[in-house]
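In what follows, a structure is listed as structure tokens, so that the remarks can point back to it.
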Amino acid sequence: MPELPEVEVVRRGLAEHAAGRAVTAVDVFHDRAVRRHVPGAVDFAGRIVGTTLTAARRRGKYLWLDLSSGEAVLAHLGMSGQLLVQPPGTPDEKHLRVRFTFADGGPELRFVDQRTFGGLSVEETTEVDGATLPLPVAHIARDPMDPRFDPDAAVAALRRKRTEVKRALLDQTLVSGIGNIYADEALWRAKLHWARPTDKLSRAKAAELLGAATDVMDAALRVGGTSFDALYVNVNGQSGYFDRSLNAYGQEGEPCPRCGRPIRREPFMNRSSFSCPRCQPHPAGFSL
DNA sequence: CGAATACCCTGGCGGC
DNA sequence: TGCCGCCAGGGTATTC
């Protein structure tokens with residue numbers, strides 16, 4: 001699933017292959033892909049055609065292309081969204097939702113999304129704490145790769161919560177970019193069980209956890225960055241090659257790389273959480 | 001008001 | 001072999 005490192009790979013691809021190009025046509029093949037664009041698909045296309053894509057930007061898992069009109073095309077990949085750069089004439093992907101065609105006659109930009117949790121919209125931008133953001137992103141916190149990310153403020157925000165630590169890690173208004181995969185990897189590195197109460201974490205432990213999340217996403221970006229080529233803006237919305245480096249996520253029954261005990265899987269928020277029973281013991285009073 | 005839950009989707013895959 | 005049901009899960013609206 002695309003989390004921060006995967007979305008950053010896509011952003012870099014767009015910066016290289018889409019920025020600076022003038023759009024001559026936008027075709028929407030599935031209305032659900034633009035459902036967040038309230039005025040509808042025709043308005044969506046009309047606001048983009050005739051403009052030039054001027055830059056590719058990102059905050060957390062949100063991605064957007066600045067338009068020469070002053071608006072921005074906002075994208076969220078959801079679970080299965082891809083942005084692909086494809087030569088004209090390439091057969092349509094089975095789940096092709098939106099196609100951008102350019103004045104230079106070069107490669108098309110295609111939004112492909114099997115499960116349609118992702119989508120595109122054209123948005124106005126606003127200033128928030130010195131950053132220019134599309135309106136729906138205004139409430140999203142800076143992510144750990146943001147040059148102006150404030151680790152101390154993030155630690156304080158995390159510890160102010162009255163909830164389980166993994167819920168807080170996934171809360172995009174505290175720190176953005178972390179999803180289920182990197183949350184489990186960060187918790188494993190910090191030797192914390194996902195149900196530990198946030199407000200009982202020491203400042204140092206919370207800082208260690210956020211540092212671990214930052215490190216694991218940095219490592220994933222370095223690996224994911226090697227696996228896209230000129231045609232594909234991203235890596236199929238998957239984790240790139242980083243899945244080979246996962247210590248906990250998806251590793252149920254596999255030995256913990258640190259202590260050898262089999263990794264367990266527990267239900268969490270209608271999905272799964274993976275942890276080591278020895279390195280990440282249940283908090284006091286925990287029961288499933 | 002903050003926290004927790006429901007819901008939106010589709011296809012791959014395990015099991016029978 | 002075919003089909004049923006489970007599972008993946010981020011963000012937002014709704015409920016508690």
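Keep in mind that what you see is a predicted model, and the values were worked out from it rather than measured. In what follows, chains carry the letters A, B, and so on, assigned in the order in which the sequence lines appear, proteins first and then strands, with residues in each chain numbered from 1.
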Whole-Å distance separating the [atom1] atom of [X] from the [atom2] atom of [N]:
X: A:Leu77; N: B:dT10; atom1: CG; atom2: P; answer: 18 Å
X: A:Leu170; N: C:dT12; atom1: CG; atom2: P; answer: 14 Å
X: A:Arg167; N: B:dA6; atom1: CZ; atom2: P; answer: 11 Å
X: A:Lys166; N: B:dA4; atom1: NZ; atom2: C1'; answer: 16 Å
X: A:Leu174; N: B:dG2; atom1: CG; atom2: C1'; answer: 12 Å
X: A:His95; N: B:dG11; atom1: NE2; atom2: C1'; answer: 7 Å
X: A:Asp113; N: B:dC8; atom1: CG; atom2: P; answer: 17 Å
X: A:Arg115; N: C:dC6; atom1: CZ; atom2: C1'; answer: 12 Å

A:Asp92/A:Arg99 salt bridge by N-O under 4.0 Å criterion: yes
Lys/Arg-Asp/Glu bridge criterion (N-O < 4.0 Å) met for A:Arg47, A:Asp43: yes
Sugar-phosphate, base or nothing in reach of A:Phe268, heavy atoms under 4.0 Å: nothing
Can a side chain N or O of [X] be found less than 4.0 Å away from OP1 or OP2 on [N]?
X: A:Tyr182; N: C:dG10; value: no
X: A:His139; N: C:dT12; value: yes
X: A:Arg271; N: C:dG10; value: yes
X: A:Thr163; N: B:dA4; value: yes
X: A:Arg162; N: B:dG2; value: no
X: A:Lys161; N: B:dG2; value: no
X: A:Gln172; N: C:dG11; value: yes

Checking contacts here: which listed nucleotide ([options]) is nearest the side-chain heavy atoms of [X]?
X: A:Gln114; options: C:dG11, B:dT10, C:dA8; result: B:dT10
X: A:His76; options: C:dG10, C:dA8, B:dC9; result: C:dG10
X: A:Asn270; options: B:dA6, C:dG11, B:dG11; result: B:dA6

Donor-acceptor side-chain pairing of A:Gln86 and A:Glu93 below 3.5 angstrom: yes
Donor on one side chain, acceptor on other, A:Ser275 and A:Asp184, under 3.5 Å: no
Side-chain (A:Asp143) to main-chain (A:Gly177) donor-acceptor, under 3.5 angstrom: no
Which residue lies more 5' along DNA chain C, comparing A:Arg36 with A:Arg265 via nearest heavy atoms: A:Arg265
